[in-house]
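Chain identifiers are assigned alphabetically (A, B, ...) following the order of the sequence lines, protein sequences preceding nucleic acid strands; residue numbering begins at 1 within each chain. Hydrogens, waters and symmetry mates are skipped; everything else that's a heavy atom, side chains included, is used. For clarity, every value in this text was computed on a predicted model and none was experimentally measured.
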2 protein chains.
Amino acid sequence: MSTVGIRQVAEHAGVSPGTVSNVLNRPEKVSASTRARVETAIRELGFVRHASASTLRAGHSKTIGLSVIDIGNPFFTDVTAGVEDVASERGYAVLLSNSAGSTSKEERNLLVLAEQRVRGVLITPSDEGPGPLDRLRDRGINVVLVDHPAHRPDQCSVAVNDIIGGQTALTHLLSGGASRLAYVTGPLTIRQCLDRRLGAERALRGRPLRVVEMPTMTPRAGQQAAEKIVSEGDLPDAVFCANDLLALGMLRGLMHAGIRVPDDIALVGYDDIDFAAASAVSLTSIRQPTYQLGRVAAELLLDECDNPGTHAHQQIMFQPELIVRESTR
Amino acid sequence: MSTVGIRQVAEHAGVSPGTVSNVLNRPEKVSASTRARVETAIRELGFVRHASASTLRAGHSKTIGLSVIDIGNPFFTDVTAGVEDVASERGYAVLLSNSAGSTSKEERNLLVLAEQRVRGVLITPSDEGPGPLDRLRDRGINVVLVDHPAHRPDQCSVAVNDIIGGQTALTHLLSGGASRLAYVTGPLTIRQCLDRRLGAERALRGRPLRVVEMPTMTPRAGQQAAEKIVSEGDLPDAVFCANDLLALGMLRGLMHAGIRVPDDIALVGYDDIDFAAASAVSLTSIRQPTYQLGRVAAELLLDECDNPGTHAHQQIMFQPELIVRESTR
DNA sequence: GAGGAGCTCTAAAACGTTTCAACGCAGATC
DNA sequence: GATCTGCGTTGAAACGTTTTAGAGCTCCTC
């Protein structure tokens, strides 16, 4: 039970506690010799700064929060990696919380972040309700939206153009000769699903698009969608899925029904997760700059935290990219 | 910039700060009427407790740390879910940190956890070096090992019997009539890989096992392993992979080479991740009680935190379970 | 009606750090 | 030699809670 604090370090090094604090926080203010003395004292005593005391006195912590919808989705895992890299480069710690799609869990998590007095929050909002976010901002906690364009100019956001993504997918399918098209999606209340559909329809210029809406975006749901499409007859010759998880399930469902991909039905997914390249028939997909999304979001947030004066809010929109593989060849 | 603290709440409710603190921490000590008055004051003022001040004064936080090797692996995602559920049931917050296989990153993360004065740490240790863990324990931070049996009696741990797992997999393959067997694995320095091999050899009782060791445990590595096996000729008739990610890559590689699964080669994976059931040929796999692993680990840790007097250290070992699917039918 | 028991509630002292005004000292300037 | 400047360091006052001893009440008991 070591209770070695800044005082003990100070005593051991023959200086005052204030000087130790300076070594810790503004080393340039301390002469080289005393700094060295303090640093060896720190090492010898195994001193570990008490983050709570520091936060309490300083009024702010070296911590940011990251709230994602589903940590099990490889898409978010990659975003998280980007965020963590930037944060650790700049000396911040990341508090990761997972709302698992539940709004109430999201609110509970945001409360924890507020209690911890995090410096800022990165969040992929699960719905449009801006209430909890505004409450954070009122407390002086900076907020950057991830994978969601901001609806107000005084707010940073980082997103990927889902309309272009949907359009690209459909254009690719059409150029492959497809004519009877289907869109398999999660709930159309989700902005991403909606935008991708919008893009798809734009590419179709009025031609019909069969929409199959599933309640979740999992491989299981994708397989069920396949069974539905097969049982209803009148097969499409190309399917666009809102998500690679759906697409993988769809692929499996189609193969089970003896339908060949891409010969009978061409298939395009979305996100380009690792498993997309590794599936039995590798999956054509729309790649998003996932890791980069996390990096840039974190950079915007930390800029806002460290330079509150000069920070200019930005809404950044990345472009998605088509990755062609076997499922549309 | 709201700066409403316990003082403001107290004033607004006409009581002393101490009473507000009691409402927050020991509500039963406060009369129903004042409690109600304080609670409405809290609500009206939008008071959010300052976790740092609380931790500083109380000497300990309501937070535990969870350090995993690879948050991108569905196995760890499930463990995390179990941990988070237990923690939030008991009013604890979880600090999730990802070492991404790097020992230095793991040490940095543990330092952050120590600075935050977390009450305890759940960790899937990346190697045997007990140094950093002992340092935590010296600081009074409880440690529970996850997916790793403890090597000392004064330490809790939760693991799954990997020897039985390997044995089960091979027994299943042998009972299906296989005779030329291969084991595709990650680095054999990893305890899990080693134990699974041990189990496999135990089932073989001296018959030969072809071991293909890959540097990583990803779908890509699995596919390369398939290519290697095919190019070397003398095909096995059954392959056991140390991991579903390897198995999925193996499956794809075999199909590409025109080898049918399970007709030409039977295939067994490990972990039973969601994608195992969803792949083109669904994957026979060894299921581990992943979510349960996380739950039990968290329960042990919180018991140790909340009842330091009566807590009895336990080393818990779960048994894995064979899930038969198409890849061995 | 004095004394005690049992409840509520209060006042004030911590917890370990950061911050800031002030201080001492060396060298430069007149 | 007196005054100024600038650097490096110190001391003490915060930060917002929790905690503990005990103050003030009300109700009982004798």
Side-chain angles (χ1 to χ4, degrees), chain A residues 1-39 41-42 45-63 91 112 114-119 139-140, chain B residues 1-39 41-42 45-63 91 112 114-119 139-140:
Chain A
M1 202 56 168
S2 80
T3 175
V4 32
I6 218 175
R7 300 185 89 85
Q8 283 74 24
V9 174
E11 201 171 335
H12 191 266
V15 297
S16 78
T19 301
V20 178
S21 175
N22 279 335
V23 171
L24 254 31
N25 301 304
R26 314 204 262 313
E28 75 282 359
K29 294 269 169 208
V30 180
S31 76
S33 67
T34 36
R35 196 192 325 163
R37 208 143 30 93
V38 170
E39 277 164 352
I42 287 179
L45 270 57
F47 165 77
V48 174
R49 154 218 244 111
H50 197 308
S52 293
S54 165
T55 298
L56 174 59
R57 173 60 238 230
H60 54 79
S61 64
K62 275 290 211 178
T63 307
V112 170
E115 286 187 345
Q116 300 287 343
R117 297 297 193 270
V118 294
R119 202 68 177 281
R139 288 222 160 61
Chain B
M1 203 54 168
S2 79
T3 176
V4 32
I6 218 176
R7 300 183 89 83
Q8 284 73 25
V9 174
E11 201 172 335
H12 192 267
V15 296
S16 78
T19 301
V20 177
S21 175
N22 279 334
V23 170
L24 255 31
N25 301 304
R26 313 205 263 314
E28 76 282 359
K29 294 267 169 211
V30 179
S31 74
S33 67
T34 36
R35 194 192 327 163
R37 206 142 33 92
V38 170
E39 277 165 353
I42 287 179
L45 270 57
F47 165 77
V48 173
R49 152 218 243 113
H50 197 307
S52 294
S54 166
T55 298
L56 174 59
R57 173 59 235 231
H60 53 80
S61 64
K62 276 289 211 178
T63 307
V112 170
E115 287 187 346
Q116 300 287 342
R117 297 296 192 272
V118 294
R119 201 69 174 282
R139 287 224 159 60

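Between the CD atom of A/Q8 and the C1' atom of C/dG16 there is a distance of 10 Å, rounded to whole Å. Between A/H60 atom NE2 and C/dT18 atom C1' the separation is 10 Å, expressed in whole Å. In this structure, A/E11 atom CD and D/dT10 atom C1' are separated by 15 Å, rounded to whole Å. B/I6 has its CD1 atom 18 Å from the P atom of C/dC15, to the nearest Å. One interatomic measurement links the two molecules: CZ of A/F47 to P of C/dG16, which rounds to 11 Å at whole-angstrom precision. The distance from atom CG of B/L56 to atom C1' of C/dA14 is 9 Å, rounded to the nearest whole Å. Distance NZ (B/K62) to C1' (D/dT17): 16 Å, rounded to an integer number of Å. Spacing between atom NE2 of B/H50 and atom C1' of D/dA14 amounts to 13 Å, rounded to whole angstrom units.
Separation of atoms CG (B/L56) and CZ (B/R117) is listed at 10.0 Å; rounding is to 0.5 Å. For the atom pair CG (B/N22) and OG (B/S16), the distance works out to 8.0 Å, reported to the nearest 0.5 Å. Rounded to the nearest 0.5 angstrom, A/R49 CZ and A/L24 CG are separated by 4.5 Å. Distance CD1/B/I42 to CD1/B/I6: 8.0 Å, rounded to 0.5 Å.
Closest approach of A/H12 to A/A41, counting heavy atoms only: ND1-CB, 3.6 Å. The nearest pair of heavy atoms linking A/F47 to A/V4 is CD1-O, 3.5 Å. Listed here is the closest heavy atom pair of A/R139 and B/V48: NH2-CG2, 3.1 Å.
When the side-chain nitrogen and oxygen atoms of A/S21 are compared with OP1 and OP2 of D/dT10, none of them lie within a distance under 4.0 Å. Contact between the side-chain N/O atoms of B/R7 and the OP1/OP2 oxygens of D/dC15 is not found at any separation under 4.0 Å. Here B/R26 does not reach the OP1 or OP2 of D/dT18: none of its side-chain N or O atoms lies under 4.0 Å away.
Contact annotation: side chain of B/R57 to base of D/dT18, donor-acceptor pair present below 3.5 Å.
Within the helix from C/dG1-D/dC30 to C/dC30-D/dG1, the inter-axis angle between the opening and closing five-pair segments is 50°, rounded to 10°.
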(message) Walk along nucleotides 4-12 of chain C from 5' to 3' and tag each nucleotide B, S or - by protein heavy-atom contact under 4.0 Å, base first, then sugar-phosphate.
(response) ----SSB--
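Contact annotation: the side chain of A/H50 approaches that of B/T55 to within less than 4.5 Å [non-hydrogen atoms, C-beta and beyond].
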Show me, pair by pair, the donor-acceptor contacts under 3.5 angstrom made by side chains of residues 32-39 of chain A, not counting sequence neighbours?
| residue | atom | partner | partner atom | Å |
| --- | --- | --- | --- | --- |
| A/T34 | OG1 | A/S31 | O | 3.1 |
| A/T34 | OG1 | A/S31 | OG | 2.7 |
| A/R35 | NH2 | A/V30 | O | 3.4 |
| A/R37 | NH1 | A/A13 | O | 2.7 |

